[in-house]
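When a residue number appears, it is its place in the shown sequence, counting from 1.
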Amino acid sequence: MSESSWSLLYLSQEDCVEAGGAEMSETLKATERSFFLHGKGDYVQPGKPVIRWGDASTEETIGRIMSMPSFLGGKEFGEELNLRGLLGPVDTSGIKFIPSRPDNPKKGLPRATAIIIILDPETFIPICVMDGAIVSAMRTGAASGVGAKYLANPDSKYFGLVGASVQGMTQAAAIKAAVPSLEMLKVFDINSDASKAFADKMSERLEMEIIPVETVREAFVEMDVISTATMAREPYVNKEWYKPGVFHAEISFWDTPPEALTVFDRVFVDDWYQVKHHGVDVSWRAVKEGFIPEERVIGELGEVVVGKKVGRESKSDRIFFNPIGLGIHDLSEAYRVYQNAMAKGVGTTLTYFERNSGWLDSLSL
């Protein structure tokens with residue numbers, strides 16, 4: 001490629017799968033890499049610009065359009081990343097553009113779609129445009145998985161899952177991979193057929209006993225690990241359901257009422273600035289509405305990953321993890337898929353421009 005021309009790689013969903021995008025063990029490494037670099041401060045991540053047609057609650061009724069730009073480094077931490085068994089440095093920038101329309105599934109369309117762009121670190125010209133749906137779903141599951149790795153009791157056996165959707169599947173896969181001691185999963189969905197289909201599809205993959213349950217309470221009581229991944233528009237969780245030692249990963253907005261956080265000994269997020277900026281997540285609402293002091297939010301998971309803060313202090317700690325979802329997670333996972341695609345010769349090469357400013361030859365009134 002000459003200095004005056006430029007091409008980029010396009011990766012479809014199928015290309016992303018061929019490049020290993022659906023391999024959760026590798027996504028966990030990529031996501032933990034971004035948590036690690038977040039804890040080291042080697043990133044740039046502005047607040048997410050969001051288009052809404054009303055207040056935050058309209059995200060679950062009308063929809064939203066979100067952009068997530070970021071830079072993720074790692075050059076000076078390459079040796080430590082290697083010693084931890086994580087992936088190497090990223091040292092580039094990118095953005096995820098993710099529109100979401102709640103009514104789309106009624107039309108046979110995905111609720112959310114996404115495009116991820118990765119830039120050349122020297123020129124800032126795009127080198128890859130890829131489907132972002134797989135990356136987004138996988139890294140969201142993996143964020144809960146990394147949280148469980150560092151915050152759940154390592155001998156946890158019982159796993160409660162609310163939401164048998166695609167995101168429920170990635171939550172289950174990531175958490176099981178991160179906490180291999182888990183033996184049994186109870187799954188609840190408002191669509192009981194979805195719970196049964198989830199059990200049929202995932203039990204062999206997860207090597208776990210999966211039991212569809214008829215009430216959401218059954219997915220909470222006596223569970224060691226809990227994940228809530230729904231599109232609920234109002235809270236349904238009862239704070240009396242949590243047993244001592246539980247770890248709860250809440251990736252949704254409205255499942256857990258703010259007052260429920262009063263029973264937790266420790267609350268963690270992925271990025272407190274991003275949580276406050278978005279203004280929807282239950283950890284922020286619990287602080288804003290006076291249910292817990294801001295000091296109850298112990299810190300960010302990256303601080304635990306790098307050893308700046310302690311995660312679990314005792315076996316009986318109830319720990320709540322409320323990740324908002326970070327652009328650096330998308331970039332880290334997308335970069336992993338991109339590198340695999342390049343190594344395997346996967347994807348379609350597109351010409352960005354054949355001659356720099358050649359379009360000026362066609363300029364006319």
Over 60° means perpendicular and under 30° means parallel, so tell me whether [X] and [Y] are parallel, tilted or perpendicular.
X	Y	result
F321	F247	parallel
H248	Y242	tilted
W241	F220	tilted

Looking only at heavy atoms, what is the nearest atom pair of [X] and [Y], with distance?
X	Y	result
R318	V263	CD-O, 3.4 Å
S165	A229	OG-O, 4.2 Å
S227	Q171	OG-OE1, 2.8 Å
I226	A219	CG1-O, 4.1 Å
L206	A172	CD1-CB, 3.7 Å
R285	P258	NH1-CG, 3.6 Å

Counting only heavy atoms from other residues, nucleotides and ligands, does the tally under 6.0 Å from [atom1] of [X] exceed 12?
X	atom1	result
E289	CD	yes
R101	CZ	no
R312	CZ	yes
M184	CE	yes
K201	NZ	no
Y158	OH	no

Identify whether [X] and [Y] are in the same connected component of the hydrophobic contact network (ILVMFWY, side-chain heavy atoms under 4.5 Å).
X	Y	answer
I116	L37	yes
V129	I127	yes
F97	Y10	no
L301	I328	yes
I95	V44	no

Evaluate the salt bridge (Lys or Arg N to Asp or Glu O under 4.0 Å) criterion for residues K309 and E300: first the C-alpha distance (whole Å), next the side-chain angles of each, then the deciding distance (0.1 Å), finally the verdict. CA-CA 9 Å; K309 291 190 175 177; E300 299 166 340; over 6 Å; no

Does [X] reach the main-chain N or O of [Y] with its side chain, forming a donor-acceptor pair under 3.5 Å?
X	Y	value
N153	G245	yes
K344	E18	yes
S195	D189	yes
E218	E214	yes
D15	S12	yes

Any chance the side chains of [X] and [Y] put a donor and an acceptor closer than 3.5 Å?
X	Y	answer
T31	H329	no
D255	T230	yes
E259	T262	no
N322	S283	yes
T123	D120	yes

Would you check if [X] and [Y] make a side-chain contact, meaning some heavy-atom pair closer than 4.5 Å?
X	Y	result
S357	L360	yes
I175	L182	yes
E209	I211	yes
I298	I319	no
W6	T351	no
L87	E26	yes
L261	R296	no
V297	V287	yes

Audit row: I115, K96, side chain to side chain contact (heavy atoms under 4.5 Å, CB included) steps and yes/no: CA-CA 6 Å; I115 292 291; K96 181 174 78 171; over 6 Å; no

Check step by step if salt bridge (Lys or Arg N to Asp or Glu O under 4.0 Å) holds for E80 and K40. CA-CA 11 Å; E80 193 169 350; K40 292 291 189 180; 3.6 Å; yes

Start with the C-alpha gap between M231 and S252, add the side-chain angles, then the distance that decides, and say whether side chain to side chain contact (heavy atoms under 4.5 Å, CB included) holds. CA-CA 7 Å; M231 294 188 292; S252 307; over 6 Å; no

Between V275 and D270, does the side chain to side chain contact (heavy atoms under 4.5 Å, CB included) criterion hold? Intermediate values first, please. CA-CA 8 Å; V275 169; D270 47 10; 4.3 Å; yes

Lys/Arg N to Asp/Glu carboxylate O, [X] vs [Y], below 4.0 Å:
X	Y	value
K157	D224	no
R266	E313	yes
K276	E294	yes
K149	E32	yes

Just do the side chain to side chain contact (heavy atoms under 4.5 Å, CB included) check on L350 and T348 with the steps written out, would you? CA-CA 6 Å; L350 304 176; T348 303; 4.0 Å; yes

How long is the straight-line distance from [atom2] of [Y] back to [atom1] of [X], given to the nearest 0.5 Å?
X	Y	atom1	atom2	result
E23	L28	CD	CG	12.0 Å
I125	I117	CD1	CD1	13.0 Å
F198	N191	CZ	CG	13.5 Å
I118	T92	CD1	OG1	7.5 Å
H38	D271	NE2	CG	3.5 Å
F253	S57	CZ	OG	11.5 Å

Atom pairs and distances, donor-acceptor, side-chain atoms in residues 61-79, under 3.5 Å, two or more places apart:
{"residue": "T61", "atom": "OG1", "partner": "T58", "partner atom": "O", "Å": "3.2"}
{"residue": "R64", "atom": "NH1", "partner": "E59", "partner atom": "OE1", "Å": "2.7"}
{"residue": "S70", "atom": "OG", "partner": "G327", "partner atom": "O", "Å": "3.3"}

Using distance only, find each side-chain donor-acceptor pair of residues 105-113 under 3.5 Å and give its atom names and separation, not counting sequence neighbours.
{"residue": "R111", "atom": "NH2", "partner": "E60", "partner atom": "OE1", "Å": "2.8"}

Counting the benzene-type ring for Trp, do F268 and Y150 have ring centres under 6.0 Å apart? no

Are H278 and Y273 an aromatic pair, judged by ring center distance below 6.0 Å? no

